[in-house]
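What follows is a single structure, written as structure tokens, with notes after it.
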Amino acid sequence: MNLKRTTVAIVGLGYVGLPLAIRCRECGYNVVGFDLDSQKIKSIKKGKIPFKEKFVEDRKEFLGKITATDSPQQLKKADIVLICVPTPVDKQFYPDLGPLKSAVQTVIKNHKPDQLIIIESTINPGVCEEVIRPLFYGAGLKNGKDYFLAHCPERIDPGNKDWDVINIPRVVGSLSRKGLRRAISFYSSIIDGEIHPMRSIREAEAVKVVENSFRDINIAFVNELAKSFDQMNIDVKDVIEGAATKPFAFMPHFPGRGVGGHCIPVDPYYLIEQAKKEGFDHHLLRVAREVNNSMPSYTVELLQDLLNEVKLPMKGTPIGVMGLSYKANIDDLRESPSLKIIKELEKKKAKIIKYDPFISKMSNVSSTRELLRKSKVLILVTNHSEFLELDETEFKKYGIKAIVDGMNCLNAGKIKRLGIKYHGIGRK
Ligand code: SAJ
């Protein structure tokens, strides 16, 4: 394939699509980056990255070399189209394929014959055959003749310094052998990691929801352990670190204030709902989701216990919420446990002081020290490096009475020796 004469269009320039667009451009493809969000397009055109993303920051020079656009007609130029739009779940936790279906409709309306269409969005088994192919068919387009459909589930891990779009191995499935061949040759031209062909597109769809359900179940396991060990006065972090010395057949996960992000708390519902349609109940997946969804409230209960110990009422006491994003050192609020924790604190009429060094627009103070100064009690929600670099004596200096360590990342012993009440998740 002559990359210089091949145009790749990326539909959806988020955490998945933008690094992919930059990588394709870096490898020599002509790249059209399409997004509905004209603000995002404007900032990319000005060479400004619309969100924190190290991979793109390191390759800023390519931002000006992609055709960033919100006009769908540009898709007509593409030989390869990658669809990287969100596939959220709705309030009933049912998969919402709305954004994906409208992206596919846009691609269909601006179709060029012989296009390779690759879905990177997370979808449950059956969506390509039962939802996407019928959309093309309805427009008179036949797979394997007018277009070639493939699925390569995204695996971006925001903030991960070791694994990025270049070296993360990928799995690929297609509805046709030619589609599979073309998809493998495309990904081999931009990725150093292994490109693993799947037996069919259904298996490719199942891989992503399985790998993330695996993670959700393992987090639920240690979250439930944390609750039980809180009763038994066992330090769960110490136990997990001990178990992790076993060099095989154990994979450490750690309890916390809840599971956020756009993948882990969402993907299991794809499997749950699809299997339900086929008459199977994923009991274990459902219970794991219930356990993880209960952690924000559990964290607030721990705070209530500490307030009782220091004889402070929840109502009116300034509570410092340290961190808002769903994981350390990124600016992503999606499904963040902080949102549920803050909602519960508001219901209990607490005075909420909130600070996230990566999300200033949601913060109501402008620094960690200002948060410490204005708070009486703290909940650490996100283990940002900035918080971990604090010397515990600062908590004493600012008169902090109690700390709930929602990520078990602070020095419990030192804090308690300073006379500050401490409770982690599964560790006291
Ligand atoms: N979490 C825990 N305990 C753990 C691990 C995570 O409570 O032991 C929480 C985190 O605080 C966060 C949520 O779960 O709120 C998700 O954490 P994550 O590390 O899984 O972060 P994500 O959502 O960015 O997950 C991505 C996923 N990548 C994709 O789905 C493409 C996931 O598959 C990866 O395993 C994960 O990155 C990673 O870190 O490898």
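For ligands, and for the atoms within them, numbers begin at 1 and follow the listed sequence. Note that these values count all heavy atoms, side chains included, but never hydrogens, waters or copies made by symmetry.
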How far is [atom] from its nearest protein heavy atom, and which residue and atom is that?
{"atom": "atom 4 (C) of ligand 1", "result": "F254 O, 3.5 Å"}
{"atom": "atom 21 (O) of ligand 1", "result": "K327 NZ, 3.3 Å"}
{"atom": "atom 9 (C) of ligand 1", "result": "G258 O, 4.1 Å"}
{"atom": "atom 6 (C) of ligand 1", "result": "I219 CD1, 3.6 Å"}
{"atom": "atom 40 (O) of ligand 1", "result": "D157 OD2, 3.5 Å"}
{"atom": "atom 20 (O) of ligand 1", "result": "R215 NE, 2.5 Å"}

Pull out every atom of ligand 1 sitting under 4.0 Å from any heavy atom of [X], numbered as shown with elements.
{"X": "K208", "result": "29 (C), 30 (O), 31 (C)"}
{"X": "E154", "result": "31 (C)"}
{"X": "N212", "result": "29 (C), 30 (O), 32 (C), 33 (O)"}
{"X": "C263", "result": "29 (C), 30 (O)"}
{"X": "M407", "result": "11 (O)"}

Subject >> Check against side chain to side chain donor-acceptor pair (under 3.5 Å), Q74 and T67 >> reply: CA-CA 9 Å; Q74 297 274 356; T67 308; 5.5 Å; no

Original post:
Between S213 and L271, what is the shortest heavy-atom contact and its length?
Top reply: OG-CD2, 3.9 Å

Check whether the side chains of [X] and [Y] place a donor and an acceptor atom closer than 3.5 Å, and report yes or no.
{"X": "S228", "Y": "Q231", "answer": "no"}
{"X": "T317", "Y": "K376", "answer": "no"}
{"X": "H196", "Y": "E194", "answer": "yes"}
{"X": "S385", "Y": "N329", "answer": "yes"}

Before accepting this row, confirm whether a basic side-chain N of the pair [X]/[Y] lies closer than 4.0 Å to the acidic partner's carboxylate O.
{"X": "K374", "Y": "E370", "result": "yes"}
{"X": "K343", "Y": "E346", "result": "no"}
{"X": "R369", "Y": "E394", "result": "yes"}

Subject >> NZ or CZ of K227 within 45° of Y298 ring axis and under 6.0 Å >> reply: yes

Subject >> Stacked cation flag R59 on F55, 6.0 angstrom / 45 deg >> reply: yes

Original post:
Between Y326 and ligand 1, does any nitrogen or oxygen pair lie at a separation below 3.5 Å?
Top reply: yes

Subject >> Geometric N/O contact G260 with ligand 1, under 3.5 angstrom >> reply: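 Yes: some nitrogen or oxygen of G260 is under 3.5 Å from one in ligand 1.
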
Is the closest heavy-atom distance from [X] to ligand 1 below 4.0 Å?
{"X": "R257", "result": "yes"}
{"X": "H262", "result": "no"}
{"X": "E211", "result": "no"}

**OP:** Under 4.0 Å, heavy atoms only, figure out whether ligand 1 is touched by the backbone of I156, its side chain, both or neither.
**Re:**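 It is the backbone that gets close, since no side chain atom is under 4.0 Å.
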
